[in-house]
Amino acid sequence: MLTAGRVASLGALVIMIIVYAWLLTRARKGKVPRIRKMAGFDAIEEAVGRATEMGKPVFFTPGVSGFDHADSPQTIAGLTVLRHLSKLTAKYKAPLIAAVSKATVLPVAEETVRQGYLEAGAPEAFKPSMIRYLSDEQFAWAGGCIGIMHREGVAANIMIGNFMGESLLLAEAGYQAGAIQVAGTANRSQIQFFVTVADYCLIGEEIFAAGAYLFQDPVQLAGLGAQDVAKWVAIGAIVGGIILKVLGMPVILDLLKM
Amino acid sequence: MGPLVAVVLTLLIYSFLYKENKLYRFAEYSFVGVSAGYWLMVAIDNLRSVALGPILRGNYSYVIPLVLGVAVFARLSKGYSWLARWPVAIVVGTGTALALRGFVDAMFIGQIRATIAAPMDYNNILIAVMTVCTLFFFMFTIEHKGPVGILAKAGRYSLMFYFGVLFGNHIMTRMALLTSRFIEIQNFILKALGLS
Amino acid sequence: MAKEDMWGKLGRIDPRILYVLLVIILIIPLIAPIGLPIPITSETRKIYDAVEKLPPGSVVVCAMDTSGAAWGENGPQAKAILRHLFQKPLKIVVVSFEADGPMLGQRALLEVPKGEKKYGVDYVNLGFVAGGETGRAAFGRDVQKLISKDFLGNPLEKLPIMEKVRNAEDFALFFTFTSLISAVEMYVRQLYAPYKTKVVAGIIGLGVPAVVPYYNAGQLFSILSGSLGAGEYELLSKMPGEGVRLSDALSLSTLLVVVLIVVGNAAFFGDKLRGKEEKR
Amino acid sequence: MSVLTRREIAVFMTAFAGIAVIADYFLKVPVLNTAVADLLRWGVILASFLLLWGTISMLRVHVEVVRKKTPNQWHYSTWLIFLMAVFVAVSLVGGLAGSQSRWMYDNIYVACSSTYYSVLGFYMISASYRAIRARTKEATLLLVVAVIIMLMNAPIGGAIWQGIPALGKWIVDVPNTGASRGYIIGLAIGAVILGIRTLIGRERGYLS
């Protein structure tokens, strides 16, 4: 009944489901995995501090995508960072400018920042004008962001989300404005520009750890835990498989071919 | 006439390089307008092929997705907007599951298997080592210290090779796309001058 | 002192000067081609040899998953491959799973010489299939149950070619011309994994590094890399076209980028060094 | 009726469709396999309705702009709607593959969109000069690799130093494959966990 050649995949899927379910139940009891230090996220506080010292604004954008594509997890990761960032700007009294590129993201971003200021105990410091909707069009939005960075002379530029053709433009503008830059994206054909231009970079999957890292969200921590177990399995299979194969016992390889 | 329109619009867009202006936006909205009309028609055309065709051939079960599909427009009404969730639910369910089963097979098991199955020469061992190190870099629930730290660091450096290649190829693509526009303009000029 | 000013000036150059420089560099080889040699990669040669060796009557699918934006690279690729396919006794199916595809597929079909080949008998444009990954999976499973007409509106029953095109098992070779890494991965998941279809990724240059592991693992039959790949293929099939024409300008402009990165970094480190000296 | 309006119904539909599609891949059960083949075709039909919806909601945004006469914007939106209508009319009369619609598509849409993105080529030039810096050891490595790859891609590279093409190819085939493979395996794991979360109804963003 099982399709030949796909048994190993089925096994892997079942293992992942069981591990994830187990970690989720543990998380419900308050037992969550610990997360490693991530310099990119820590740098946000440093950036805000610098902006406060200089009395210049912090610029933020969650990328070009909205919620209706496969890229929406990246937008959500960006907004998670925005919530953390707005708490910090409220705490340090640094001016914040968040520019969104999709009309659908605007209300969510507004609510996020309002919430951030409320949690930091400074709801009166929140102004809706902190969040700017520039345009749904890719380059009109990017052009708007560049304009803001130049005009306002931003001290920090934080970009987390999905970035496409405009990634290098934005990073260049931040660099020209002399801002400290923290940038991250899971877009596989743009990340290299952030690595070469930004001061701190969050690479690929790292941005999806935002909720777990910044807010210790138990469901997300359980998800990361499950992913790491799968990575250990992959590492074990590769290392063990190669060693056994060299020793003339290709057991793991045969298993994977099932 | 056609190539003239194309070249004029091309130049209008390039005027943006000097500075943002109204002509550029005119060109931008022109293409968004045509593409919107095109997408509308292509969606309808697709429906004729995949939904109406089978029904006309006598396969009446396709009436069900057709009705469910129309429910997408229930979002326009306040009272029935919940109906619009159903088609989305099915699209997301099938799409997610298709991707998921393929991810496990082709990209998890498939890639691990390929790493082990490769003949063990220096290059393939290096590939295996870099794969493992990159996986260590993407570990989140273990502190990057000690041996894990060294492996993760090596993973980060491995990724730089990948990003470097991305960088180089990205530049190539951008330059090719730009050059192909120039070729189109050149073709137009040659034709106008009667040289081709 | 004079040296410092130079570094400072280099760092603050107006980008529009650089734009003009680029335009000049691109125009020169278009007017006076240099004819730099194009080395043929093993990946491109593998595609060419495979097409040459296909038994007569084999079905080759060309999936146009491209867009207007990427046509500058995907166009030369698709045309180079189609030109060669039309010279062979093969059945050619054009289809697309991205909305912009069918029109561009039609354009490519109109632009290449078709020899003796007849529409509906030897080649067909099946138009667009929605659904992304779902559309691709359904196409591989059963073409005729999914689609009922071609892009021109003809019912499939009236097209003799379709007798040979039932499902993925009939595809001798499957090309995708795309800018999307994800599109290539969808074929690896929905055509290679279940049916072991020979998928060739005709992808724009920037997507290549991300799909190389699939080629290395045998999940992709081969990769045609950007306009460079198109140029190589044109040379192999002895029909030089856009790909070859692009190559000189590509060479020079890429070189310009290299030079600018080196000079820019020299200015940066020169500046840094100067800063350090001043602090002392 | 009130039961039907509940979000759980949709979550159940997602889970049901999803589990059927997954089971289809791993189990050889003819009834199931045929049913899922049909389900996939249903999915294609529903997806084209979503595409239709996407276009119509975009049209609504522009109609709203024109109705409100939003400054600096409504002229453009009017032009957009006009061109959209012309395209629809032309392709209703002459067919989507007809020569008039192809004319508009090739000379307006393809010409503009390809130019629009080709502008990035110019920006690459200025950014490579003004912002791309070997500020860390990692970035230095990245840039060295990038330069080798660029010289490999440009046929001129081989003329500068004969070893460049071979070195570039080795980088693409070996280190690039290794790192990219690790990235892909990690990506696949992330996608699987997200997929499971979606199918068990813990990720409901799509059901807004």
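In what follows, every chain begins at residue 1, and chains take the letters A, B, ... in the order their sequences are listed.
- Contacts of D/Ile45 with chain B are made by both backbone and side-chain atoms, with heavy-atom separations under 4.5 Å.
- In this structure, no portion of D/Leu194 lies under 4.5 Å from any heavy atom of chain B.
- Both the backbone and the side chain of D/Ile108 come within contact range of chain B, judged by heavy atoms closer than 4.5 Å.
- Contact annotation for B/Val7: neither backbone nor side-chain heavy atoms come within less than 4.5 Å of a heavy atom of chain D.
- Residue contact with chain D, scored on non-hydrogen atoms closer than 4.5 Å, involves the backbone and the side chain of B/Leu66 alike.
- Using modelled atom types and a 3.5 Å distance limit, the side chains of B/Tyr14 and D/Ser118 yield a donor-acceptor pair.
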Notebook entry, point to check: Can you check side chain to side chain contact (heavy atoms under 4.5 Å, CB included) on D/Met104 and D/Tyr109, steps first, answer last?
Noted result: CA-CA 7 Å; D/Met104 283 186 80; D/Tyr109 174 68; over 6 Å; no
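- Contacts of D/Met124 with chain B are made by side-chain atoms alone, with heavy-atom separations under 4.5 Å and no backbone atom involved.
- The parts of B/Asn169 that come within reach of chain D are both its backbone and its side chain, each placing non-hydrogen atoms under 4.5 angstrom from that chain.
- Within the 4.5 angstrom heavy-atom criterion, no atom of D/Ile81 approaches chain B.
- You'll find the side chain of B/Leu100 stays beyond 4.5 Å of the side chain of D/Thr198, heavy atoms only.
- Contacts between B/Asn123 and chain D at a heavy-atom distance below 4.5 Å involve backbone atoms as well as side-chain atoms.
- With a 4.5 Å cut-off on non-hydrogen atoms, B/Met41 touches chain D through its backbone and its side chain both.
- The part of D/Tyr123 that comes within reach of chain B is its side chain, from C-beta onward, which places non-hydrogen atoms under 4.5 angstrom from that chain.
- Both the backbone and the side chain of D/Ser113 have a heavy atom closer than 4.5 Å to some heavy atom of chain B.
- Contacts of D/Leu52 with chain B are made by both backbone and side-chain atoms, with heavy-atom separations under 4.5 Å.
- Classification of the B/Tyr24-B/Phe16 ring pair by plane angle, with boundaries at 30° and 60°, yields parallel.
- Annotation: D/Trp53, atom CH2; neighbour count of heavy atoms from other residues, nucleotides and ligands within 6.0 Å is above 12.
- Neither the backbone nor the side chain of B/Val132 comes within contact range of chain D; no heavy atom of the residue lies under 4.5 Å from a heavy atom of that chain.
- For chain B, the nearby parts of D/Ile185 are the backbone and the side chain; heavy atoms of each come within less than 4.5 Å.
- Interface check for chain B: of the options D/Leu83, D/Leu51, D/Val174, the most heavy-atom pairs under 4.5 Å are formed by D/Val174.
- Within the 4.5 angstrom heavy-atom criterion, only side-chain atoms of D/Trp79, from C-beta onward, approach chain B.
- Legend: salt bridge (charged side-chain N to carboxylate O under 4.0 Å, His left out) pairs involving residues 83-94 of chain D, not counting sequence neighbours: none detected.
- Interface remark: B/Met1 contributes backbone and side-chain atoms alike to the contact with chain D (heavy atom separation under 4.5 Å).
- Contacts with chain D were tallied for B/Leu9, B/Val92, B/Val5; B/Val92 has the most, counting heavy-atom pairs under 4.5 Å.
- Only the side chain of B/Leu17 comes within contact range of chain D, with at least one heavy atom under 4.5 Å from a heavy atom of that chain.
- Interface summary for chain D: among B/His170, B/Lys22, B/Glu184, the most heavy-atom pairs under 4.5 angstrom belong to B/Lys22.
- The candidate with the highest count of non-hydrogen atom pairs below 4.5 Å against chain D, out of B/Leu177, B/Leu68, B/Val91, B/Thr179, is B/Val91.
- Both the backbone and the side chain of B/Met107 come within contact range of chain D, with heavy atoms under 4.5 Å apart.
- In terms of heavy-atom pairs under 4.5 Å with chain D, the best-connected choice from B/Val165, B/Leu166, B/Val42 is B/Val165.
- Ranked by non-hydrogen atom pairs under 4.5 Å with chain D, the options B/Leu47, B/Val8, B/Ile90 are led by B/Leu47.
- Only the side chain of D/Asp38 comes within contact range of chain B, with heavy atoms under 4.5 Å apart.
- Ring pair B/Tyr29/D/His62 is perpendicular by interplanar angle, where above 60° counts as perpendicular and below 30° as parallel.
- Classification of the B/Trp82-B/Tyr80 ring pair by plane angle, with boundaries at 30° and 60°, yields tilted.
- With a 4.5 angstrom heavy-atom cutoff, B/Thr94 touches chain D via backbone and side-chain atoms both.
- Proximity to chain B is limited to the side chain of D/Thr55, based on heavy atoms less than 4.5 angstrom apart.
- Proximity to chain D (any heavy atom under 4.5 Å) is shown, for B/Phe26, by both the backbone and the side chain.
- For the 3.5 Å distance criterion, the side chains of B/Arg181 and D/Thr115 qualify, holding a donor opposite an acceptor.
- There is no contact between B/Ser180 and chain D, counting heavy-atom distances below 4.5 Å.
- Ranking B/Ile112, B/Asp105, B/Asp45, B/Leu12 against chain D, the residue ahead of the rest is B/Asp105, based on heavy-atom pairs under 4.5 Å.
- B/His144 and B/Phe137 have tilted rings, their planes meeting at an angle from 30° to 60° on a 0 to 90° scale.
- Annotation: side chain of B/Val148 is not in contact with side chain of B/Met139 (no heavy-atom distance under 4.5 Å).
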